[in-house]
Amino acid sequence: MPGNSFGNIFRITTWGESHGEALGVVIDGCPAGVKISIEDIQIELDRRRPGQNKFTTQRKEPDKVQILSGIFDGKTTGTPISMLVKNSDAISKSYENFKDIYRPGHADYSYDAKYGIRDYRGGGRSSNRETIGRVAAGAIAKKILKSMKIKTVGFVSQIGNIFCENINLNYIEKNPLRIADKSKLAEMEALIDKVRREGDSIGGAIEVRSIGVPPGLGSPVFEKLDARLAAAIMSIGGVRGFEIGLGFSVASMKGSEVNDVMQEKIKNKVKFRSNNAGGILGGISNGNDIILRFALKPTSSISQEQQSIDKNGKKKSLRVKGRHDPCLCPRAVPIAEAMMNLVLLDCILENKLSNIKKITT
Ligand SMILES: Cc1cc2nc3c(=O)[nH]c(=O)nc-3n(C[C@H](O)[C@H](O)[C@H](O)COP(=O)(O)O)c2cc1C
């Protein structure tokens, strides 16, 4: 079954493995005339890149993007856009010991069960390096959305049992963990350092907000905006939970507490007194900010001794040494933003087909 493409109109296909020659993306359906520079794309890839600081994997990849097609004279041409990033610091021999052993928490067994063959080097296709293509494509979506005054911002909202409380969106890119509460930085850094010294890893959560989204995005019933966002976010490796607006906390609340009261209508746009729904009603955006949250599991690769089995079912013990993110959260922020931007842009393009007036004018 194919599963490497995403989106209905602005459609991306990512390709490549962690230790292969290169990774990349092909985008079909990007409108012509979008002004885009290589820097617009590189900025986003630099935010995703490994080796940014001591809280990310020490794999040294410059992740310099090459544009192979679809952009000419600084503008998209409407033809397929192809972008490529070379792998330059893959140390495949670190993975030789695990080529027949199923690492706990990884996709090793399930890939084998499905395909009977897998590129074991660096997790192959299941590696987070696959998301390079998503982030590159997301940078183009971001540029188009910016021209429509739509902005998506993500931040790490929780690491272990420590939560961001006083949210300051201006602080996110000023700290290595991409958290939004300065008062929690020292505590969170100390926690990550501690688990790393113990040969362990730690989980966390991310919040993503899209500001300036017009009402009317998303389609009933299987293309609901929240369903599409869930699929987009859950497709990122390591994600274990997803919520919109108040999310799971609605389970213990009353209708009178959860309903967003509508106050007034100005120029076809309704103003709500609150945003408990996270900007989506009936699978369609309601003009409020879209707010989603998701939980990331602790990194599976840990240097503590773990028990597993090999492909013949023989018991094995292993330590997954090498270069890994001790906490997945900081680098997942630009990936989640990219996925959100890809969904929003796709919905906007689809909306052009939602009414005959939009087609004929
Ligand atoms: C930004 C980011 C970085 C990641 N880095 C690692 C890593 O260094 N080591 C690791 O074991 N898993 C890492 N992962 C998680 C794996 O990609 C993921 O656990 C694996 O593909 C299995 O998929 P699943 O956890 O969704 O079942 C990372 C995920 C993200 C989003």
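In this text the structure is predicted, and so the values were computed from the model without any measurement. Counting convention: from 1, in listed order, for ligands and their atoms alike.
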- Note on the structure: Ranked by distance from atom 19 (O) of ligand 1, the top protein heavy atom is K297 CE, 3.4 Å
- Query: Looking at ligand 1, does any of its N/O atoms fall within less than 3.5 Å of an N/O of T57?
  - Reply: no
- Query: Nearest 0.5 Å, what's the CE-CG distance between M262 and N286?
  - Reply: 8.0 Å
- Have E21 and N87 got a donor and an acceptor in their side chains that come within less than 3.5 Å? no
- Salt bridge check: are E173 and R178 linked by an N-O gap of less than 4.0 Å? yes
- Proximity winner for atom 22 (C) of ligand 1, if only heavy atoms of S300, G105, G122, S18 are counted: G105
- Message: A quick test of your reading: do over 12 heavy atoms of other residues, nucleotides or ligands sit less than 6.0 Å from CG of N268?
- Response: no
- Under 4.0 Å between heavy atoms, the region of R48 that gets near ligand 1 turns out to be neither
- For S126 and ligand 1, does the shortest N/O to N/O distance drop below 3.5 Å? yes
- Are any of the N or O atoms of H106 closer than 3.5 Å to those of ligand 1? yes
- Salt-bridged, D63 to R49, with N to O below 4.0 Å? no
- Within the 4.0 Å heavy-atom cut-off, what L328 brings close to ligand 1 is both
- Item | Ion pair R118/D108, N-O distance below 4.0 Å | yes
- Name the option, out of G237, P334, G238, that contains the heavy atom nearest to atom 29 (C) of ligand 1. G237
- Mark the output for R240 as yes if a heavy-atom distance to ligand 1 is under 4.0 Å, and as no if none is. yes
- Message: Can you confirm, on distance only, whether ligand 1 has an N/O atom lying under 3.5 Å from any N/O atom belonging to T299?
- Response: no
- Message: Under 3.5 Å, is there a donor on one side chain and an acceptor on the other for T14 and R125?
- Response: yes
- atom 1 (C) of ligand 1 has as its nearest protein heavy atom N128 ND2, 3.3 Å
